[in-house]
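In what follows, every heavy atom counts, from backbone to side chain, and hydrogens, waters and symmetry copies are set aside. From a predicted model like this one, the values you see are computed outputs, not experimental measurements. So you know, we letter chains A, B, ... as the sequences are listed, proteins then strands, and number each from 1.
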Amino acid sequence: MSTVSTPAPQFALVDVNNFYVSCERAFKPRLEGIPMVVLSNNDGCAVARSNEVKALGVKMGTPWFKMKDLAREHRIQAFSSNYTLYGDMSNRVVQILRDFSPDTEVYSIDESFLRIETVAHLYGGAIAMGQQMRERIKQWTGLPVCVGVGPTKTLAKFANHLAKKNPEFEGVCDLHAIPRPDRVRWMSGIEVGEVWGVGGRIARRLEVMGIHTVLELRNASPKEMRRHFGVVMERTCNELRGISCLALDDIVQPKQQIMSSRSFGRPVETIEELRESLASYLSRAAAKLRTQQSVSAAVYVFIQTNRFNKDEQYNAGLTVPMPEPTDNTLTLTAAALAGLEVIYRSGYRYKKAGVMLTLLSDKQARQMSIFDHAAVTQRSTQLMTALDMINRDYGHGTVRSGASGFTQRWAMRNQNRSPRYTTRWDELPIVY
DNA sequence: TCTGGGGTCCTAGGACCC
DNA sequence: TCTGGGGTCCTAGGACCC
């Protein structure tokens, strides 16, 4: 009989408050306290809002043109998104977190899960550990984070929500440290739609069943949840009860599909411009494909008109199988453009186009086709490696296929992007 | 004039096989 | 006249996430 008891799992969820907004503020402290938003690609929607803007009732995803009046009235500052900067800041936060616990899952650009049950005591417990994470991340990157701790991922998310919304937690909430009656009170005060895994659709159906709050979902029967909504909801329900069903995904799995698409800065009608844009998206997707050392056996290409317009709509997509899996930008581009020829119809004003690489597999393990030619494959790999190196060192798009065009009049709008402070020598911040 | 982009997992139902 | 049923694989679509 073993006398060694494994400690119960303890998950921490660390997320950066208003991540994109906070990244901008880290380099322009004068923006602190000023209402501001960061806009999606094409300066379309607000995808990050400062607390001041949230207080004005602006919802996530509000189109910028719809809030212009409000913006004028309250002097809301708007920034175009600067993904190079955000990606780099995100990596810095993850580096810091890995020092606290090696069992770290990077869940999204601004959130990580950590398993902390074996290390929390080194810092004086979960709450003290959370406070030290906050301090170090603030000091080293300038970013504010909140920490939620619980026995399951779903409860850690819930705790994080409490930490974010309620100042009395001082940015760190450990559910275990909250007395039971208080936990019940917190759970009964928050809408069921806030639970991780419960989206708008399911929340509405739950409401009809009389389940309105987190507590009511926690107290529902998991079996019944499964009957109505499937295994995902059964798991969510169990996780709320403290039964851990979702493990930490600390090993990064290669993506199963890689997408690149954009809305155009203005309507596009000609096939020439669609060709250019698709070639340019494809080179991004293929570069990502090579980064994860995969090859793709099929390219999906699609074009769409503006669904918000009253014009006649045309949406089309086509999957083009590759004769053999490849990571070569030029081969994949040829396939995508062949697909475009099939689906293109003239006479429409296109708003968006994109490509998706699918049927991905590991490049090393790939089956050689009988037509495969070692020398050809090797030349292709060398060419792509050189391309990736140049674009890495001199900025993406430095070397690209001629098919992607030179003027790129279809390119997205991006009117107010901040400098890429941390990744470009010529855009370094200057301190006077 | 202006409305993002990139993912995952699950399930139902059809195709196909024996 | 009688015209099965179960298993597996694949795909499309729905739901969710940030």
ask   = Using a cut-off of 4.0 Å on non-hydrogen atoms, how would the nucleic acid contact of A:Asn42 be classed: base, sugar-phosphate, or nothing?
value = nothing
message = Closest approach to the side chain of A:Tyr107, judged atom by atom: which nucleotide of B:dG6, C:dC18, B:dT3 is it?
response = C:dC18
Phosphate OP1/OP2 of B:dG5: any A:Arg284 side-chain N/O under 4.0 Å = no
remark   = Atom CG of A:Leu39 and atom P of B:dT1 are separated, to the nearest Å, by 20 Å
remark   = Which of B:dG4, B:dG6, B:dC10 is nearest the side chain of A:Met259? It is B:dG6
ask   = When you match A:Lys255 and A:Asp43 each to their closest nucleotide on DNA chain B, which lands nearer the 5' end?
value = A:Asp43
SB check A:Arg417 A:Glu427 (cutoff 4.0 Å) = yes
ask   = What is the distance from NZ of A:Lys68 to P of B:dC2, rounded to the nearest Å?
value = 11 Å
query = Which part of the nucleic acid, if any, lies within reach of A:Ile258 when heavy atoms closer than 4.0 Å are counted: base, sugar-phosphate only, or nothing?
reply = sugar-phosphate
request  = Measure from the side chain of A:Lys352, starting at C-beta and using heavy atoms only, and say which of B:dT3, C:dC17, B:dG5 lies closest.
outcome  = B:dG5
query = 5'-most contact on DNA chain B: A:Gln257 or A:Phe65, nearest heavy atom basis?
reply = A:Phe65
ask   = How is A:Gly61 classified with respect to the nucleic acid when contacts are heavy atoms under 4.0 Å: base, sugar-phosphate, or nothing?
value = nothing
query = Using a cut-off of 4.0 Å on non-hydrogen atoms, how would the nucleic acid contact of A:Gln256 be classed: base, sugar-phosphate, or nothing?
reply = sugar-phosphate
request  = Give the rounded distance in Å between these two atoms: CG of A:Leu282 and P of B:dG6.
outcome  = 12 Å
ask   = Whole Å only: how far is the CZ atom of A:Arg349 from the P atom of B:dC2?
value = 7 Å
task = Determine, for A:Arg115 against A:Asp250, whether the closest basic-nitrogen to carboxylate-oxygen distance falls under 4.0 angstrom.
result = no
inquiry  = So that I know where these two stand, are A:Trp196 and A:Phe113 an aromatic pair - ring centroids less than 6.0 Å apart?
reply    = yes
request  = Mind checking A:Ser260 for me? I need base, sugar-phosphate or nothing, with any heavy atom below 4.0 Å counting as a touch.
outcome  = sugar-phosphate
query = Reckon A:Arg266 touches a base, only the sugar-phosphate, or nothing at all at heavy-atom distances under 4.0 Å?
reply = nothing
ask   = Given B:dG4, B:dC2, C:dC18, which nucleotide is nearest the side-chain atoms of A:Val47?
value = B:dG4
inquiry  = Do the side chains of A:Glu170 and A:Arg134 get close enough for a salt bridge, i.e. N-O under 4.0 angstrom?
reply    = no
message = Base, sugar-phosphate or nothing for A:Asp110? Non-hydrogen atoms, less than 4.0 Å.
response = sugar-phosphate
ask   = Under 3.5 Å, is there a donor-acceptor pair linking the side chains of A:Asn309 and A:Lys351?
value = no
message = Nearest to the side chain of A:Lys351, heavy atoms from C-beta on, is which of B:dG7, C:dA15, B:dT3?
response = B:dT3
key: Out of B:dT3, C:dC16, B:dG4, whichever nucleotide has its closest atom nearest the side chain of A:Arg201   = C:dC16
key: Salt bridge A:Arg75-A:Glu52, side-chain N to carboxylate O under 4.0 Å   = no
remark   = From CE of A:Met356 across to C1' of C:dT11 the rounded distance in Å is 12 Å
task = Check whether any side-chain nitrogen or oxygen of A:Lys153 sits under 4.0 Å from OP1 or OP2 of C:dC17, and answer yes or no.
result = no
key: Nearest listed nucleotide, side chain of A:Lys288, among B:dG7, B:dT3, C:dC17   = B:dG7
ask   = Does B:dC18 have a Watson-Crick or wobble partner in any strand here, with both distances under 3.5 angstrom, and which is it?
value = C:dG5
inquiry  = Strictly below 4.0 Å, N to O, side chains only: are A:Lys157 and A:Glu194 in salt-bridge contact?
reply    = no
key: Nucleotide C:dA15, atom C1' - distance to CZ of A:Arg205 in whole Å   = 10 Å
inquiry  = Is the ring pair A:Tyr83/A:Tyr20 parallel, tilted or perpendicular, if the boundaries are 30 and 60 degrees?
reply    = perpendicular
Nucleotide B:dT1, atom P - distance to CE of A:Met67 in whole Å = 21 Å
remark   = Quick note, A:Asn306 side chain, CB onward, closest among B:dT3, B:dG5, B:dT11 is B:dT3
ask   = Hey, does A:Phe229 reach any base, or is it just sugar-phosphate, or nothing, if we go heavy atoms under 4.0 Å?
value = nothing
note = When rounded to whole Å, the CE to C1' distance for the pair A:Met233 and C:dG14 reads 15 Å
ask   = How is A:Arg235 classified with respect to the nucleic acid when contacts are heavy atoms under 4.0 Å: base, sugar-phosphate, or nothing?
value = sugar-phosphate
query = Between A:Ser263 and B:dG5, is there a side-chain N or O to OP1/OP2 distance below 4.0 Å?
reply = yes
task = Please work out if A:Val195 contacts a base, only the sugar-phosphate, or nothing of the nucleic acid, heavy-atom cut-off 4.0 Å.
result = sugar-phosphate
request  = Return the nearest nucleotide to the side chain of A:Ile202; candidates are B:dG5, B:dT3, C:dA15.
outcome  = C:dA15
ask   = What's the closest nucleotide to the A:Arg307 side chain, out of B:dT8, B:dG4, B:dC2?
value = B:dG4
